[in-house]
Amino acid sequence: MPLLEIQHLTKDFGGVRAVDKFSYQLGVGALNAIIGPNGAGKTTIFNLVTGIYDPTEGHIFFGGDEITGTITHQISAKGIARTFQNIRLFSDFSVLDNVRTACHRYASYTVWEGLIPTPRRRREEKALAERAWRLLELVDLSDRAHEMSKNLPYGHQRRLEIARALAQEPKLLLLDEPAAGMNPDETVQLMDFIEQIHDSFDLTILLIEHHMEVVMGLADDIVVIDFGRTIAQGTPEEVQANPVVIEAYLGAEEE
């Protein structure tokens with residue numbers, strides 16, 4: 001049974017079809033990618049999977065359970081976390097507080113205990129802070145824990161966003177253009193980091209990316225979409241050699 005299964009997924013915005021009968025299966029432990037030109041429907045697929053949009057047609061299954069039309073926080077609770085094209089941090093919070101906030105979904109104290117420093121609340125707050133600190137150590141940001149997140153270099157902000165997603169203890173991590181805006185050195189470091197968390201957390205990862213060196217260096221399987229439809233799928237080598245992909249996305253060679 002695949003971890004994520006998408007069946008004939010379609011999304012219309014008025015008269016525009018952003019995703020057109022897209023079907024896909026993602027196995028447990030995979031590190032795969034979706035690529036395609038700008039406007040091909042890649043991020044719309046992520047938004048459908050995570051409940052930001054409801055599909056016009058089709059079905060989405062996670063761990064064998066249908067999640068089509070489920071609201072976002074319930075999908076997160078089932079074990080799907082994501083990052084976004086545009087980094088979404090609490091810019092005026094410290095690096096540590098950004099991660100600690102994400103850890104709070106596991107707090108079990110009541111609303112009233114949240115207002116009063118009971119012994120149980122203090123114990124749980126300490127445990128959550130320790131978990132947040134361990135995640136910062138994992139992403140090499142513990143030395144900047146008390147800085148404002150808005151003051152971090154761009155590559156470090158990406159790491160922080162991923163650390164915050166990992167705080168949800170996901171089974172599936174969706175990365176939407178994680179290398180966007182990075183310089184070559186940051187991109188190489190990101191690739192190493194994604195491989196590290198994939199192995200360390202036994203995560204299933206699906207990424208959208210325009211940097212071909214990232215896709216070809218990380219993904220075991222690549223699906224290529226154009227105008228919301230799948231035009232190719234296969235290994236990096238198969239996709240690179242596919243003439244339809246070369247023409248639609250990678251660019252046909254000039255004669």
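All heavy atoms count here, side chains included; hydrogens, waters and symmetry mates do not.
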Considering only distance and modelled atom types, tabulate donor-acceptor pairs under 3.5 Å from the side chains of residues 216-230, sequence neighbours left out.
unit_1 : atom_1 : unit_2 : atom_2 : d
Asp221 : OD2    : Gln233 : NE2    : 3.0
Arg229 : NE     : Asp20  : OD2    : 2.6
Arg229 : NH2    : Asp20  : OD2    : 3.2

Going only through I, L, V, M, F, W and Y residues with side-chain contacts under 4.5 Å, is there a path from Phe22 to Phe62?
-> yes
So, His211 versus Glu213: side-chain donor-acceptor pair below 3.5 Å or not?
-> no
Determine whether Leu206 and Ile35 fall in the same hydrophobic cluster, where Ile, Leu, Val, Met, Phe, Trp and Tyr are linked whenever their side-chain heavy atoms lie under 4.5 Å apart.
-> no
Answer yes or no: is there a donor N or O on one side and an acceptor on the other, between the side chain of His198 and the main chain of Gly29, under 3.5 Å?
-> yes
Pick from Gln157, Arg158, His156: which one makes a side chain to side chain donor-acceptor pair (under 3.5 Å) with Tyr154?
-> Arg158
For Ser200 and Ile197, indicate whether the former's side chain and the latter's backbone hold a donor-acceptor pair under 3.5 Å.
-> no
Pairs satisfying ring pair (Phe, Tyr, Trp, His ring centres under 6.0 Å), at least one member in residues 162-197, at least two apart | none
Can you establish whether the number of heavy atoms outside Phe84 located under 6.0 Å from its atom CZ is more than 12?
-> yes
Any pair counted as ring pair (Phe, Tyr, Trp, His ring centres under 6.0 Å), so long as it reaches residues 29-54, sequence neighbours left out | Phe13-Tyr53
Indicate, with yes or no, if Leu4 and Ile71 share a hydrophobic cluster defined by side-chain heavy-atom contacts under 4.5 Å among Ile, Leu, Val, Met, Phe, Trp and Tyr.
-> no
Could Arg131 and Glu169 be called an ion pair, given the rule that one side-chain N must be under 4.0 Å from one carboxylate O?
-> yes
Residue pairs passing the salt bridge (charged side-chain N to carboxylate O under 4.0 Å, His left out) test with at least one member in residues 180-207, sequence neighbours excluded, are none
Honestly curious: do Ile208 and Ile45 fall in one hydrophobic cluster under the side-chain, below-4.5 Å linking rule?
-> yes
Considering all heavy atoms of both residues, which atom of His210 and which atom of Pro37 are nearest to each other, and what is their separation?
-> CE1-C, 4.2 Å
Donor-acceptor contacts under 3.5 Å from residues 132-143 side chains, at least two apart:
unit_1 : atom_1 : unit_2 : atom_2 : d
Trp133 : NE1    : Glu137 : OE2    : 3.2

Salt bridge (charged side-chain N to carboxylate O under 4.0 Å, His left out) partners of residues 57-66, not counting sequence neighbours, each pair once | Lys21-Glu57
Hey, is the main chain of Ile34 close enough, under 3.5 Å, to the side chain of Lys42 for a donor-acceptor pair?
-> no
Does the Thr83 side chain pair with the main chain of Glu161, one donor and one acceptor, at a distance under 3.5 Å?
-> no
Donor-acceptor contact present, side-chain Glu5 to main-chain Pro2, <3.5 Å | no
Thr72 side chain to Thr50 main-chain N or O, any donor-acceptor pair under 3.5 Å?
-> yes
ILVMFWY network linking Tyr24 to Leu175, side-chain heavy atoms under 4.5 angstrom = no
